2 protein chains.
Amino acid sequence: MSTTITVGIVGYGNLGKGVEKAIKQNPDLQLEAIFTRRAPENVASGTKMVHISEIEKYKGIIDVLILCGGSATDLPEQGPQFAAMFNTVDSFDTHAKIPEYFAQVDAVARQAGTVSVISTGWDPGLFSLNRMLAEAVLPEGKEYTFWGKGVSQGHSDAIRRIKGVKNGVQYTIPSQDAVESVRAGKDPVLSTRDKHLRQCFVVAEEGADLKQIEHEIVSMPNYFADYDTEVNFISEEELKANHSAMPHGGLVFRSGVTGEGTKQIIEFGLKLGSNPEFTSSVLVAYARAAYKLSKEGQAGAKTVFDIPFGLLSPKTPEQLRKELL
Amino acid sequence: MSTTITVGIVGYGNLGKGVEKAIKQNPDLQLEAIFTRRAPENVASGTKMVHISEIEKYKGIIDVLILCGGSATDLPEQGPQFAAMFNTVDSFDTHAKIPEYFAQVDAVARQAGTVSVISTGWDPGLFSLNRMLAEAVLPEGKEYTFWGKGVSQGHSDAIRRIKGVKNGVQYTIPSQDAVESVRAGKDPVLSTRDKHLRQCFVVAEEGADLKQIEHEIVSMPNYFADYDTEVNFISEEELKANHSAMPHGGLVFRSGVTGEGTKQIIEFGLKLGSNPEFTSSVLVAYARAAYKLSKEGQAGAKTVFDIPFGLLSPKTPEQLRKELL
């Protein structure tokens, strides 16, 4: 295809930076500008930086706008706002609020004649797709999701709020025993404690009471009390050197039966060196789909469930049938 | 949804029997009849059996016809023939001939205003979907497919054609070392021999030359010569008792990079107690999609790449967003 899809990015945190890199891996996409709330001249980047207040000028120039803000405060505002002007893609991930967010964006996008792909990435996103597919193929069965090994920002933040803690990183780790039991088709009943371990690397302030910090972590309700939690005290240098990456991943299983009790297991897994870079790569593939849907004359909010996989690829349907079916 | 989708089955081998069972797991689908080339009164089944020559009478009654014949001779004829009368779903799996088969079925279905989902199942089918998705998300990367542990009919047939062999079953087994190396992100270069082992269970005729049989198996070109092959001689009773199931499965990996060399791995795996029953379950989910596409007013041949996952589910889009995103 000789078509080039012109893309804009809103927000230049980890996700925005990941999208900037991912676009370079996709020759049919071209990055026009990154929109920021900061003073553009103060942001270092190889891409044209534009203040967010100027974004309306890019209407008709940008084919798809990739929204890289957070789900707590950025997207609930920016999703509907920018769907009025552009095709958009986002990674809105507050599961409980997805129906409400969908309705808001859908109303605006239908009115504007734009396409907005919401809540993509890997969970929600690729994990959701696999749960749905597996449930449709194996209606009688049990679903298991494991997360990790990966950094949980929420849990890391919770550690850092404890008195005497200077810095900290928390890894969520799936229990290998639990995973193997599911993989072997044993359909185990798993408690919260059975499924995941929590591993903490903590930098304490000088003179802090380490016993007390450890106690506060392992007994913290919601975050740690229901898990086996390991606490390791390390130096700030060690934390920077060994725990600055943002790995993540996980596994989605469906363990089902067909016929007269025949066991059938579907497994989907991700092992990600960088959570934000992978999420960015998914956003970019769905930006291509948003563009194609819009060219087909569609409008409104869409989720991963509404979009045929073929639209994610730069290849033509003929190529896909020949090379990948 | 209160809609009931009325389904017919063509062919009553392993696949047809699997579809009959799978429909029972899906309350929104109802099986009207099974069409056979045999004398219907001689076929034992709990379902109404109808001779294939009567099928035209079911036009307007059956919403979707699931074609359960083989790819070698049945489907090339039946696919276009029945697409002229019904929405259809099939598992045509001769990879090299898919483009040609698609074109033939597409022409008939467009003319007739029907929808025909071709080449679904797990490979082609779910494996193709995962290869495509992973390539779209991680354009820089390497793909690996492993099959098994599972029975290969082609290889089992090849063994049974050897002089002195009474019966035999062949299992394709992925090399655990190769799988672990891919899973660990090592991007190995794997030869045919590195990827899969072949395990044979052979029943010899009385007085047959076992050494000669083993030699003929392990040195057979295309089938065994390029693999490490294990040959076990067993009794007919043992074969019937322990090797009558049709397990299969496999793994599809994409090992890719994002940004500046960040490793990202996507894995999809199936562990199937019965290959035909699982394929049948996939056919049934796609029958639901064929029905919905037809209701939307679409016509023509479709593959798994053209169909949004949401159409595979009996749930409404609202339910899917709320429960599964």
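Just so we're clear, the structure is a prediction, and the values are computed from it rather than from any experiment. A note on names: the letters A, B, ... follow the listed sequences, proteins ahead of strands, and every chain is numbered from 1.
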Exercise. Contact part of B:L126 toward chain A, heavy-atom cut-off under 4.5 Å: side chain, backbone, both or neither?
Worked result: side chain
Seminar exercise, completed: If one checks every heavy atom of A:S274 against chain B at 4.5 Å, the contacting part turns out to be both
For this session: Using a cut-off of under 4.5 Å on heavy-atom pairs, state which of A:E135, A:K322, A:K17, A:K24 scores highest against chain B.
Result: A:E135
Exercise. Between A:E20 and chain B, which part of the residue has a heavy atom less than 4.5 Å away: side chain, backbone, both or neither?
Worked result: neither
For this session: Please look at B:V284 and chain A and tell me whether the side chain, the backbone, both or neither of the residue comes under 4.5 angstrom of a heavy atom of that chain.
Result: neither
Problem set entry | Heavy-atom contacts under 4.5 Å, residues 243-258 of chain B to chain A | B:V257, B:T258
Exercise. Of all heavy-atom pairs between B:R183 and A:K271, which one has the smallest distance, and what is that distance?
Worked result: O-NZ, 2.8 Å
Problem set entry | Closest non-hydrogen atom pair, A:L133 against B:F309 | CB-CE2, 3.7 Å
For this session: Just give me the residue among B:E267, B:K263, B:E318 that pairs up with chain A most often, heavy atom to heavy atom, under 4.5 Å.
Result: B:E267
Exercise. Do A:E260 and B:K21 come close enough that some side-chain heavy atom pair is under 4.5 Å?
Worked result: yes
Exercise. Can you name the residues of residues 93-101 of chain A that have some heavy atom under 4.5 Å away from a heavy atom in chain B?
Worked result: A:H95, A:I98, A:P99
Seminar exercise, completed: Under 4.5 Å to a heavy atom of chain B? For A:L138 that would be side chain
Exercise. Shortest non-hydrogen contact from B:S119 to A:L325?
Worked result: CB-CD2, 3.8 Å
For this session: Would you name the heavy atoms of A:A285 and B:A136 that are closest together and state the gap between them?
Result: CB-O, 3.9 Å
Seminar exercise, completed: Rounded to the nearest 0.5 angstrom, the OG1-CG distance for A:T303 and B:L324 is 10.5 Å
Problem set entry | Separation between CD of A:E323 and CZ of B:R131, rounded to the nearest 0.5 Å | 12.5 Å
For this session: Taking all heavy atoms of B:P139 and all of A:N26, pick out the closest pair and write down the distance.
Result: CG-OD1, 3.6 Å
Problem set entry | Heavy-atom pair with the smallest gap, counting every atom of A:I266 and B:F268 | CG2-CE1, 3.7 Å
Exercise. Using non-hydrogen atoms only, which part of A:N130 is less than 4.5 Å away from chain B: side chain, backbone, both, or neither?
Worked result: side chain
Seminar exercise, completed: Per-residue tally against chain B (heavy atom, under 4.5 Å) across A:P308, A:G259, A:G125 peaks at A:P308
Problem set entry | B:F102 portion near chain A, given a 4.5 angstrom heavy-atom threshold | side chain
Exercise. Can you tell me if NZ on B:K295 sees more than 12 non-hydrogen neighbours from other groups inside 6.0 Å?
Worked result: no
For this session: List the steps, then state whether side chain to side chain contact (heavy atoms under 4.5 Å, CB included) holds for A:V137 with B:S281.
Result: CA-CA 5 Å; A:V137 171; B:S281 293; 3.9 Å; yes
